[in-house]
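Since the structure comes first, as structure tokens, the remarks are kept for the end.
It should be emphasised that the depicted structure is a prediction, and the values quoted were computed from it without experimental measurement. Each chain gets a letter, A, B and so on, in the order the sequences are listed, and its residues count up from 1. For the numbers below, each heavy atom of this structure counts, side chains included, while hydrogens, waters and symmetry mates do not.
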Amino acid sequence: MIMSKCKDFLRSIVEEDLKSGKYREVATRFPPEPNGFPHIGHAKSICINFGIADDYQGHCNLRMDDTNPTTEDTKYVEALKDAVEWLGFDWGSSVYFTSDYFLQLYDYAVKLIKMGKAYVDSLDEEEIREYRGTITEHGRRSKYADRTIEENLNLLERMKKGEFKDGEHVLRAKIDMAAANIKMRDPLLYRIRNIKHFRTGDEWSIYPMYDFAHCLSDYIEGISHSICTLEFENNRAIYDWVLDELGLELPRPYQYEFARLAINYTVMSKRKLLKLVDGGQVSGWDDPRLPTIAGYKRRGYTPASILNFCDQIGITKANSMVDVSQLEFCIRDDLNKQVPRAMCVLDPLKVTIENYDGYEDIDASYYPHDVPKEGSRKIPFSKEIYIEREDFIEKPPKGYFRLTMEQPVRLRHAYIITCKEVIRDTSGNIIEIKAEYHPKSKSGLDTSGIKVKSAIQWVSAKEAKKVEVRLYDRLFSAELPEGVEDLNPNSLQVIKNALIEPAVIADRPDERFQFERQGYFYADPIDYRDEKPVFNKIVSLKDSWSKKKKENNSEPRAQTTTIQIDGEVAPMNEAEQTLFDKYTQKYGLNSEVANTLARDEQLSSFYEESLSILSSPVSLANIVSNEVARELKQMEVKELKFTAKHISELVKMLDDDTISNKIAKQVFEVMVKTGKTPIQIVEDKRLIQISDPSEIEPIIDKVIANNPDNVAKFKAGNSKLLGFFVGQVLKSTGGKANPKIVNQLVAKKLQ
RNA sequence: UGGGGCGUGGCCAAGCGGUAAGGCACUGGUUUUUGGUACCAGUAUUCGGGGGUUCGAAUCCCUCCGCCCCAUCCA
């Protein structure tokens, strides 16, 4: 596999963990719940999980997360397996099921109870919800939380045996009903479901909840990186809690989240998809308009195109909406290089070539000059042919390249024709064109000297085969569809009597074709019959003509400028205000720095302390409010490896001009990590700054000599490049050159 | 008592203190017997806004704004 240059954040984490020896081998998993057909969002997840495993010589398990027997079914298991296989991934010798771990999971639950970390709660559903509290209010603990370990054990055992009705009891973790993260307010671990499970049958009356089952299943399988979507971020706390409380032998898995895929003009949630399937708006889970893997497969998308798409969209934590055109590009890009071209007329208009009598077979390559593949077919040519209705216009708009009364056109692979006469029916519709062909204009042997602007597809009337063509368009007309009201009424157009050149049907050189000038099509894997061929449109070709036409009658979109309203800054309390006044008035700090310091108790006391050692209020304030503040975001003052004394020492050197700001940052970094004193660090690394121009100038000369292009650009007015040169000089002195001096010198030399 | 995330062109997305990558889309042009493909060129003086630190900030600090997720016995 070719690795792209830019690693995504997950791969960066995996690489680090492998390097540090946290894991010997990377192990991921793709853990769908078998309660629906997988869609392209799953494909993204599949690519991530299997892709990472492949990239780092690890493995990825396919695991059915089948903990909720009420919605799950074995038919979905099959669909999931199909999807993974179709995309080309290998899940090894067997598919995993969470249900295979039910016994182990139960044992872990017992262990938690014995540790006093879990209890059987007997509140009803509504009470549990009420007790949980809200976003802004604490929850309160159930009175049942005080049950003894024996009681809990006994109850759980009986729950398992099926002695209770659904909802009578649940098992909950004993964490913290006041947690700001609502997920941590004693989450449910098990619930009673007296229902048959599609794999375990009636063996169990209780089923583990996601939060309990998932982390432990990962652990049981030896997963290293448990990758899921963003909405599980809050659940990570439980994931960690369960694994940590159980005191399991390390290594244990960690959870990481990425943003799920969204594409415009479609829906991706299983709920909405199921609604379309059940509601009959689509023909099934494999309806070619659906973003399901089965749908794309049926429509004619290739696995490679989906894989490529997943690669192109990247992996991040930012919620985003990918444009369908990105997907469409991927399938066109893939098919362009490999499928045979053929001619198919969707909306036939009869053309009689009056000066042609007889018949010939024209030999034509299946591939255009820029596709390096071999293969050709015979195309019958005769007096009566059909062309596409829209390839003739009596009164053409400007820029129309096809057949008109005055403008000849080439019949692809064949002759040039000229329109002689238009035949109409009684209501004035054009029903036929009488034309003449130019005998010397045969494709490849053209000596006619006639110039045409385009070549159009056609079929010979007698030999053409009738086919059904299903034209698919986006399912929804709204970019962000809400429901059925946003459905595109024209998402499916069935053309029963399209005409196709016979070789496509007789020889079937492929399953996918480009119907020239129209798009890519796929022989429907289910409905296609030799006597009644059916083709699905996969995607249109790009069409700059229709775009141009549309442009003429569409207004440019109005620019939206968002005005940003500034909120009010929280007022300072009295003590903060006093400090602020002191900092600005007595020490001469600017208000921003004073503000940062005054509002943070830790920072201000740190500042005061360092100020008592070194009387340099402004420099100290700058370092404390910027660098120290950053460290204090991660930890408490007492956890810091450095003290106010270190900082004043650092600032002293800065004030002395012994070191530059740039060096100070380096020193600070080392100090944070090691706790060494700044003086020590400067000595160790010989970080004294170089300010002597005679020492710096030769380096500048060298940089200038090495970058003639950039010198030219700079002189041409690209003043941003000054930073580039300064940077280069700084780099070659290990950051030791005095940047102020370098800046002056570089500016002077480049004048 | 709220918490957790996220903001870089029209859409994705690199970048992590030293010249704002790349892809899609778009616009021109070249090639072309597909108005396709391929190729070339163009498109962000600026990274949600405002301040601050720095010789230098998309990157560090402060602050404000805007989105998303969480109160299923779903996953």
Within the 4.0 Å heavy-atom criterion, would you say [X] contacts the bases, only the backbone, or no part of the nucleic acid?
{"X": "F329(A)", "answer": "sugar-phosphate"}
{"X": "I313(A)", "answer": "sugar-phosphate"}
{"X": "E568(A)", "answer": "sugar-phosphate"}
{"X": "F212(A)", "answer": "nothing"}
{"X": "K713(A)", "answer": "base"}

Atom pair distance, as rounded to whole Å: [atom1] in [X] and [atom2] in [N]:
{"X": "D323(A)", "N": "C26(B)", "atom1": "CG", "atom2": "C1'", "value": "11 Å"}
{"X": "N264(A)", "N": "A25(B)", "atom1": "CG", "atom2": "P", "value": "13 Å"}
{"X": "I456(A)", "N": "G35(B)", "atom1": "CD1", "atom2": "P", "value": "10 Å"}
{"X": "E328(A)", "N": "C11(B)", "atom1": "CD", "atom2": "C1'", "value": "13 Å"}
{"X": "K542(A)", "N": "U32(B)", "atom1": "NZ", "atom2": "P", "value": "20 Å"}
{"X": "M321(A)", "N": "A13(B)", "atom1": "CE", "atom2": "P", "value": "12 Å"}
{"X": "R402(A)", "N": "U34(B)", "atom1": "CZ", "atom2": "P", "value": "13 Å"}
{"X": "D709(A)", "N": "U19(B)", "atom1": "CG", "atom2": "P", "value": "15 Å"}

May I ask you to evaluate whether [X] reaches the phosphate of [N], defined as a side-chain N or O under 4.0 Å from OP1 or OP2?
{"X": "T316(A)", "N": "A13(B)", "answer": "yes"}
{"X": "S320(A)", "N": "A13(B)", "answer": "yes"}
{"X": "S546(A)", "N": "G35(B)", "answer": "no"}

Inset, instruction - On RNA chain B, check which nucleotide each of M177(A) and Y520(A) is closest to and give me the residue with the more 5' one. - result: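 Between the two, 5'-proximity favours M177(A).
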Side-chain donor-acceptor pairs under 3.5 Å in residues 713-730 of chain A, sequence neighbours left out?
unit_1: N718(A); atom_1: OD1; unit_2: K720(A); atom_2: N; d: 3.3

Using a 4.0 Å cut-off on protein heavy atoms (strictly under), produce a 5'-to-3' string for [range] with B for base contact, S for backbone-only sugar-phosphate contact, and - for none.
{"range": "nucleotides 69-75 of chain B", "value": "BBBSBSB"}
{"range": "nucleotides 42-50 of chain B", "value": "----B-BB-"}
{"range": "nucleotides 53-58 of chain B", "value": "SSB-B-"}

Which of E501(A), R517(A), H413(A) passes side-chain hydrogen bond (donor to acceptor under 3.5 Å, both in side chains) with Q457(A)? Answer is R517(A)
Please indicate yes or no: is the ring centre of F401(A) less than 5.5 Å from the centre of the six-membered base ring of G35(B), with the two planes inclined by under 30 degrees?
-> yes
Could you tell me whether the side chain of [Y] reaches within less than 4.5 Å of the side chain of [X], counting heavy atoms only?
{"X": "Y76(A)", "Y": "M64(A)", "value": "no"}
{"X": "P397(A)", "Y": "W545(A)", "value": "yes"}
{"X": "Q407(A)", "Y": "P396(A)", "value": "no"}

Under 3.5 Å, side chain of N590(A) to main-chain N/O of V593(A), donor-acceptor pair present?
yes
- Can you tell me if S305(A) uses its side chain to pair, donor with acceptor, with the backbone of D334(A) under 3.5 Å? no
Applying the 3.5 Å cut-off to both distances, the Watson-Crick or G-U partner of U45(B) turns out to be none
Electrostatic pair [X]-[Y], nearest N-O below 4.0 angstrom:
{"X": "K665(A)", "Y": "E627(A)", "answer": "yes"}
{"X": "E233(A)", "Y": "K317(A)", "answer": "yes"}
{"X": "D211(A)", "Y": "K183(A)", "answer": "no"}

**Prompt:** Which parts of residues 441-451 of chain A get close to RNA chain B, meaning a heavy atom less than 4.0 angstrom away?
**Reply:**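 Heavy-atom cutoff 4.0 Å gives K442(A), S443(A), G444(A).
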Take atom CZ in R260(A); do more than 12 heavy atoms of anything else shown fall under 6.0 Å from it?
no
Just checking K373(A): does its NZ atom have more than 12 heavy atoms from other residues, nucleotides or ligands closer to it than 6.0 angstrom?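 Correct, the count exceeds 12.
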Say we look at [N] and [M]: how far apart would their [atom1] atoms be, to the nearest angstrom?
{"N": "C70(B)", "M": "G51(B)", "atom1": "P", "answer": "36 Å"}
{"N": "G36(B)", "M": "U30(B)", "atom1": "C1'", "answer": "16 Å"}
{"N": "C65(B)", "M": "G23(B)", "atom1": "C1'", "answer": "30 Å"}
{"N": "C67(B)", "M": "C73(B)", "atom1": "P", "answer": "28 Å"}
{"N": "G22(B)", "M": "U31(B)", "atom1": "C1'", "answer": "25 Å"}
{"N": "A57(B)", "M": "G17(B)", "atom1": "P", "answer": "14 Å"}

message: Side chain of R517(A), heavy atoms from C-beta onward: which of G35(B), G36(B), A25(B) has the nearest atom to it?
response: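 The closest nucleotide is G35(B).
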Quiz prompt | Nearest-nucleotide pick for H369(A), side chain only, options being C64(B), U33(B), U32(B) | solution =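 Looking only at heavy atoms from C-beta outward on H369(A), the closest nucleotide is U32(B).
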The side chain to side chain contact (heavy atoms under 4.5 Å, CB included) partners of K337(A) (sequence neighbours excluded) come to D333(A)
Quick one: is the NZ or CZ of R140(A) closer than 6.0 Å to the six-membered ring centre of Y131(A), and within 45° of its axis?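 Yes - R140(A) lies over the ring of Y131(A), closer than 6.0 Å to its centre and within 45° of its axis.
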Of all heavy-atom pairs linking Y190(A) and A109(A), the shortest is CE1-CB, 3.7 Å
task: Give a yes-or-no answer on whether the side chains of R236(A) and Q255(A) include a donor-acceptor pair shorter than 3.5 Å.
output: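 Their side chains do not contain a donor-acceptor pair, so the 3.5 Å distance test is not met.
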